[in-house]
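Scroll down for the structure; my scribbles are underneath it.
Reminder, nothing fancy here: chain letters follow the sequence lines and each chain counts from 1. Everything numeric here is computed off the predicted structure, so don't read it as measured data.
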Amino acid sequence: MAKNITPRDKDYSQWYQDIIKEAGLAEHSPVRGCMVIKPTGYAIWENMKSALDEMFKDTGHQNAYFPLFIPKSFLSKEANHVEGFAKECAVVTHSRLISTENGVDVDPDSRLEEELIVRPTSETIIWDTYRNWIQSYRDLPILVNQWANVVRWEMRTRLFLRTMEFLWQEGHTAHATEEEAVAETRQMLEVYRTFAEDFMAMPVITGVKTESERFAGAVETYCIEALMQDGKALQAGTSHFLGQNFAKAFDCTFQDKDGKVKHVWATSWGVSTRLIGGLIMTHSDDNGLVIPPKIAPVQAVIVPVYRKDEEREVVFEYARVLMQELKSEGIRVRFDDREQFKPGWKFAQHEVEGIPVRLTVGPRDVQNEKVEFVRRDKGEKKLLDRAEVTQHVVVQLAQMQTDLLDAARARMKQNTREANDYDSFKQILDEHGGFVYAHWDGTSETEARIKEETKATIRCIPLSSGPEGAGVCMISGKPSTKKVLFARAY
RNA sequence: CGGGAUGUAGCGCAGUCCGGUUAGCGCACACGCCUGGGGGGCGUGGGGUCGCAGGUUCAAAUCCUGUCAUCCCGACCA
């Protein structure tokens, strides 16, 4: 039905790229692995951003901004951190260009005394800064977030899911006690879970990462894991308890109430534009993008239908009054009065773009005081009395929001299975993909072997969901207190 | 970074194997008329250094070398 969109069952990866292109979310830049986020894609990000930002403020955080460039020496201070990021850093070595016959070249005389690293994440520069902000327990906690871009030199990239430069937010907090820092880590994980479910309509499993999947430099990494339509998992957000690792590396101490000098306890947490990829792969269909109303840049579009100029006039008037009425209810509405496109073309295009609600008005409707209503996720047309339109739209936008979450939850449930031995584990992965709960002995050797043999990784050790009960590891037969969550992942 | 594929108008493609008029088609775009409740019709137009750089040749989209980018599969990662 939709031109230019490859059906999911034919080629899921191609479908994903087609959606991004046809819905006008982003495109490739001339530089490998980077993307241009187009206005529609950026509007989605802005909506996500403002919802999250409000949640951060509500939990006591403030925004600040730290620089893009980090002195090379900073990266070497926390051993695990260095090791984790060393292989994917962009390095600035020179500060000038000179004109040549063929254009420009790097001026060899402009070599920097200390090279600069384009931040892959900001822990180091932030902790170097916090050291100066903190002297006493009275200076704590520091609850700061920043919205920024970061660069990680990736081998293989995919629009939104993994790009060399991406947009994100990174929260960095400093606390006087371990308990407080852990509570902060858990609190922000909960913020992410709430955001994913309430705004993105994307159900997630919360849990703890294993040592091998842990953030470089963290003591514990918590995460939200989502399940995409093709049965692959997506890490959608992380919240790290950093212990005193960075405080020690950057000599960040405070004098406590008891007069003793102690190292500060830290957290960091982030979500990125990767979430947009998750959003696409959670709800969209073969006709194009489907996005929850709370995140949709345009929530309702009005399409006029007319033949003659007289009809055009009355239909436009009817539509404009309706638009104002919807606007006054706080609905993001667009009146598609473009002359160059036919109604049928507009219908198809709005579906590709994922506008949640479409209202069609023609001469017949003006005559009969009706409006045609269609919801993007349902597709059925419904003729409404003019008087009930606005209320209906308000109700249906809210309903669509919960319907999308319910549908995604049902799909997650349907694609979550338990394996009690390694053979059935492999069989489930090959036949269905999805989430698989299984017993694991807790060793990284076993984890590595499973990954090697099946491509599945431990997504997390679930916090509150999933099957309870002890058993034995499907590989080693050693005791396991609880099943952990496996999947092949993006 | 290894293996494979691709790059020709804004988009999708043919032409490349086997070099030879003015590089073609569909959609989109501009203009006109008919149209308009699910991607309309007819007509007339505009738009290309064939990814880029070298080379072979009387002659290169086509052959050779290099390079950049994209996609898929691996290794690495949010």
Minimum-distance nucleotide to [X] side chain [options: [options]]:
X: A:Phe341; options: B:A75, B:G36, B:C29; answer: B:C29
X: A:Arg32; options: B:U35, B:G38, B:U70; answer: B:U70
X: A:Ser13; options: B:G40, B:C72, B:G38; answer: B:C72
X: A:Met155; options: B:C1, B:C72, B:G36; answer: B:C1
X: A:Tyr306; options: B:G36, B:G38, B:G37; answer: B:G36
X: A:Lys455; options: B:G37, B:G74, B:G39; answer: B:G74

Expressed as a whole number of angstroms, how long is the span from [X]:[atom1] to [N]:[atom2]?
X: A:Arg156; N: B:C72; atom1: CZ; atom2: C1'; value: 7 Å
X: A:Glu88; N: B:A75; atom1: CD; atom2: P; value: 17 Å
X: A:Arg307; N: B:C33; atom1: CZ; atom2: P; value: 19 Å
X: A:Asn287; N: B:G38; atom1: CG; atom2: P; value: 15 Å
X: A:Asn4; N: B:C27; atom1: CG; atom2: P; value: 13 Å
X: A:Trp153; N: B:C1; atom1: CH2; atom2: P; value: 11 Å
X: A:Tyr490; N: B:G74; atom1: OH; atom2: C1'; value: 17 Å
X: A:Glu154; N: B:C71; atom1: CD; atom2: P; value: 14 Å

What I want to find out is whether A:Arg312 reaches A:Glu339 closely enough, with some N-O distance under 4.0 Å, to be called a salt bridge.
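Looking at A:Arg312 and A:Glu339, the cut-off is met.
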Could you check whether A:Arg449 pairs with A:Glu452 (Lys NZ or Arg NE/NH1/NH2 to Asp/Glu carboxylate O, under 4.0 Å)?
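A salt bridge is absent here (no side-chain N lies under 4.0 Å from a carboxylate O).
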My understanding is that a pair needs two contacts under 3.5 Å, Watson-Crick or G-U wobble. By that rule, which nucleotide pairs with [N]?
N: B:C42; answer: B:G32
N: B:U6; answer: B:A69
N: B:C17; answer: none
N: B:G47; answer: none
N: B:C1; answer: B:G74
N: B:G26; answer: B:C11

Over 60° means perpendicular and under 30° means parallel, so classify the ring planes of A:Trp265 and A:Phe241, tilted if in between.
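Because their plane-to-plane angle is under 30°, the rings of A:Phe241 and A:Trp265 count as parallel.
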B:G10, OP1 or OP2 - any side-chain N/O from A:Lys21 closer than 4.0 Å?
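No, outside the criterion.
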Any side-chain N or O of A:His28 under 4.0 Å from OP1/OP2 of B:C71?
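Checking B:C71 against A:His28, a side-chain N or O does come within under 4.0 Å of OP1 or OP2.
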Taking for each residue the nucleotide of RNA chain B bearing the nearest heavy atom, is the 5' side occupied by A:Ala348 or by A:Gly84?
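The answer here is A:Ala348.
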Could you check A:Thr238 against A:Gln340 and say which one's nearest nucleotide on RNA chain B is further toward the 5' end?
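Result of the comparison: A:Gln340.
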For A:Glu351, which of A:Lys378, A:Lys346, A:Arg358 qualifies under salt bridge (Lys or Arg N to Asp or Glu O under 4.0 Å)?
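Of the listed options, the one satisfying the test is A:Arg358.
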Without swapping roles, check the side chain of A:Arg411 against the backbone of A:Thr282 for a donor-acceptor pair under 3.5 Å.
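Yes: the side chain of A:Arg411 pairs with the backbone of A:Thr282.
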Hey, would you say the A:Trp440 and A:Phe425 ring centroids sit under 6.0 Å apart?
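Between A:Phe425 and A:Trp440, which both carry aromatic rings, the centre distance is not below 6.0 Å.
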Nearest-angstrom distance, C1' atom, B:U8 to B:A14
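Per the computed distance, 10 Å lies between those C1' atoms.
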